[in-house]
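Quick note: numbers below take in every heavy atom, side chains included, and nothing from hydrogens, waters or symmetry partners.
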Amino acid sequence: MKSDKIKKGLERMPNRALLFGTGIDSSHIKRPFVGIATSFTDIIPGHTSMRTLERYIERGVENANGTPFTFGVPGICDGIAMGHHGMKYSLPSRELIADTIETVISAHSLDGLILLTNCDKITPGMIIGALRLDIPTIVVTAGPMLAGRLGQKRLSLVRNTFEAVGEFKAGMLKEPERKRMEMAACPSCGSCQGLYTANTMACLTETMGLSLPGCGTAPAVLNEKTRIAYRSGQQIIKLIKEDITARKIVTKPSLENAIYIDMALGGSTNTVLHLMAIAAAAKIKLTLSDFDRIGRKTPRITNLRPGGEDFMEDFHYAGGIPAVLKRLATKVNNTRGVNGKTVLKIAEEATIFNPEVIRPLNKPYCKKGGIAILKGNLAPEGAVVKEAAVDSDMLVFKGPARIFDSEEKAMNAITGKKIKKGDVVVIRYEGPKGGPGMREMLAPTANLVGMGYHKHVALITDGRFSGGTRGPCIGHISPEAAAGGLIAYLKDSDLITIDIPGRKISVNLSNTEIAKRKEKMKLLPPKVKSGYLWRYSQSVSSASTGAVYETP
């Protein structure tokens with residue numbers, strides 16, 4: 001066992017003394033040591049149930065003759081960090097979390113790892129850390145929250161709070177109802193109710209085989225979740241004994257399965273960043289071309305919020321990820337997960353309880369996948385859009401650019417009603433280096449939706465969007481402005497063309513004009529010059545490769 005390094009032999013007498021100082025019994029020393037990395041915090045609703053889940057994981061580990069040790073991992077709530085300077089720390093926190101996992105496990109030579117996680121950057125960050133170590137690993141995602149209720153109307157965070165701000169400013173929502181919605185939109189613990197980044201990553205983690213079946217969709221409040229936590233604690237000991245490590249689970253075929261599911265569900269655009277970063281940690285080559293290739297041949301068979309009307313609880317009761325695998329059985333790779341079963345065996349045992357929530361392939365909501373990769377002179381390295389959340393009459397759009405060098409400036413123009421129908425809002429210097437941190441910009445997109453502009457206005461950025469974004473919003477424009485991408489040299493009124501079905505995004509400028517502008521226009525200086533964000537900006541790669549740390 002790896003833990004023998006800290007507990008075996010005469011020279012380890014001081015180490016054992018310190019371990020006994022934790023209160024464990026001498027019998028615990030002989031067992032496999034299991035780290036339980038928990039992102040519990042009181043400030044994130046998706047994490048407040050984790051204290052209970054920690055107990056059940058510990059019970060499972062003990063029951064299977066292992067010794068559990070719990071340690072903490074930082075977590076950020078993107079919803080609370082949204083719309084201000086705090087969001088700059090969200091994507092960079094992924095790297096902090098990965099470093100934390102690597103550091104704690106390596107320093108203590110633990111034999112196996114259970115990742116208790118939820119929410120946007122925390123799940124991929126933990127997985128990246130586990131893949132660096134390549135030790136037996138199981139992920140327990142804490143689960144989505146229940147739909148809110150206001151009378152007979154079901155509520156979700158994004159549509160009934162973020163978008164409601166725009167509705168209120170447009171006079172379509174009155175104060176009494178606005179206040180009731182604010183109180184009722186998030187009625188329980190758990191990650192936000194739609195197919196936003198947190199729940200998309202939970203689903204893809206289950207698909208890759210790192211979680212037990214059902215884990216990705218089971219609501220946080222159900223006893224089913226505690227049973228999954230308990231069984232995960234038991235199963236990790238089996239993985240340790242059989243030396244089934246994280247990189248034996250996360251392979252190119254299992255990552256492709258995750259993309260198939262992502263496209264079939266219409267998941268968050270952030271998963272493009274995270275899956276490529278996960279692949280990099282596993283030393284697997286994954287590119288935007290893989291997303292485009294799989295997306296073109298995978299129909300979207302669910303209609304989950306934000307683009308649709310179904311909630312995560314509907315999806316879970318319809319059969320969840322196993323049911324989608326059943327639909328995609330002829331497409332996916334037959335990989336094996338931490339439960340020991342193959343994908344096709346899981347699919348065979350699955351039941352589709354609601355064929356409208358999880359449609360057959362010959363009756364999809366859309367013939368292509370939920371995410372599209374666009375390229376053109378404006379984004380030669382690529383850009384990403386959640387096609388599943390774009391109205392059909394906005395899939396092709398042409399309009400004059402309205403240029404803003406920060407989210408705040410764009411937000412002021414939107415809320416000040418200075419954007420006109422037909423405009424293409426351009427928000428630049430919000431990429432990984434330029435932000436720094438590549439902020440999610442749900443506030444401006446949600447306000448456009450709330451004001452009804454998502455059917456008349458497009459938005460492009462070198463930053464990124466929340467999984468809750470809907471409308472013709474194209475993110476991850478690469479190269480970004482701070483790296484000298486063409487987006488840095490755009491001017492007001494430049495004519496931009498977006499063709500999502502054709503996978504193209506371009507600006508109507510000649511090569512001669514572009515060269516002149518690059519000679520005359522200077523890039524903006526860095527927005528941050530000290531602290532973690534400065535160090536991050538100096539090391540992070542392009543969004544087109546996952547916004548990972550570059551090797552010097």
**Prompt:** Does Lys121 pair with Glu95 as a salt bridge, N-O distance under 4.0 Å?
**Reply:** no
**Item:** Arg247 side chain vs Leu131 backbone, donor-acceptor pair below 3.5 Å
**Value:** yes
**Fill in**
Heavy atoms of Gly66 and Ile237 approach each other most closely as CA-CD1, 3.7 Å
**Message:** Strictly distance-based, threshold 3.5 Å: is any side-chain N or O of Glu224 a donor or acceptor partner for the main-chain N or O of Ala218?
**Reply:** no
**Request:** If the plane angle is over 60° it's perpendicular, under 30° parallel, otherwise tilted; pick one for Tyr89 and Tyr532.
**Result:** parallel
**Partner of Glu430 by side chain to side chain contact (heavy atoms under 4.5 Å, CB included), out of Lys88, Glu440, Met438, Glu480** = Lys88
**Prompt:** Taking the side chain from Thr67 and the backbone from His28, do they hold a donor-acceptor pair closer than 3.5 Å?
**Reply:** yes
**Request:** To the nearest 0.5 Å, tell me how far Ile36 CD1 sits from Leu116 CG.
**Result:** 8.5 Å
**Message:** Could you check whether any side-chain heavy atom of Val343 comes within less than 4.5 Å of a side-chain heavy atom of Thr207, counting everything from C-beta outward?
**Reply:** no
**Request:** For Lys241, look at atom NZ and say whether over 12 heavy atoms of other residues, nucleotides or ligands are found less than 6.0 Å away.
**Result:** no
**Item:** Distance in Å, Ile138 CD1 paired with Leu239 CG, rounded so as to fall on 0.5 Å steps
**Value:** 4.5 Å
**Message:** For the backbone of Leu212 and the side chain of Asn339, can you confirm whether one donor and one acceptor N or O come within less than 3.5 Å of each other?
**Reply:** no
**Request:** Determine, for Phe465 and Lys386, whether the Lys NZ or Arg CZ falls below 6.0 Å from the six-membered ring centre while staying within 45 degrees of the axis.
**Result:** no
**Any side-chain heavy-atom pair of Leu110 and Lys2 under 4.5 Å** = no
**Salt bridge flag under 4.0 Å for residues Asp314 and Arg154** = yes
**Complete:** side chain to side chain contact (heavy atoms under 4.5 Å, CB included) with Phe315: of Ile358, Asn199, Leu195, Asn354, only one passes, and it is Ile358
**Message:** If you compare all heavy atoms of Ile101 against all heavy atoms of Ala37, which two are closest, and at what distance to 0.1 Å?
**Reply:** CD1-CB, 3.5 Å
**Asked** So, does Thr41 use its side chain to make a donor-acceptor pair with the main chain of Ile43 at under 3.5 Å?
**Response** yes
**Message:** What I want to find out is whether Glu54 reaches Arg51 closely enough, with some N-O distance under 4.0 Å, to be called a salt bridge.
**Reply:** yes
**Asked** Does a side chain donor of either Thr117 or Thr123 reach within less than 3.5 Å of an acceptor in the other side chain?
**Response** yes
**Prompt:** Counting distance only, does the side-chain N/O of Gln193 pair as donor-acceptor with the main-chain N or O of Met145 below 3.5 Å?
**Reply:** no
**Request:** Take Lys341 and Glu348, measure what salt bridge (Lys or Arg N to Asp or Glu O under 4.0 Å) needs, and give me the verdict at the end.
**Result:** CA-CA 11 Å; Lys341 293 183 179 181; Glu348 179 189 328; over 6 Å; no
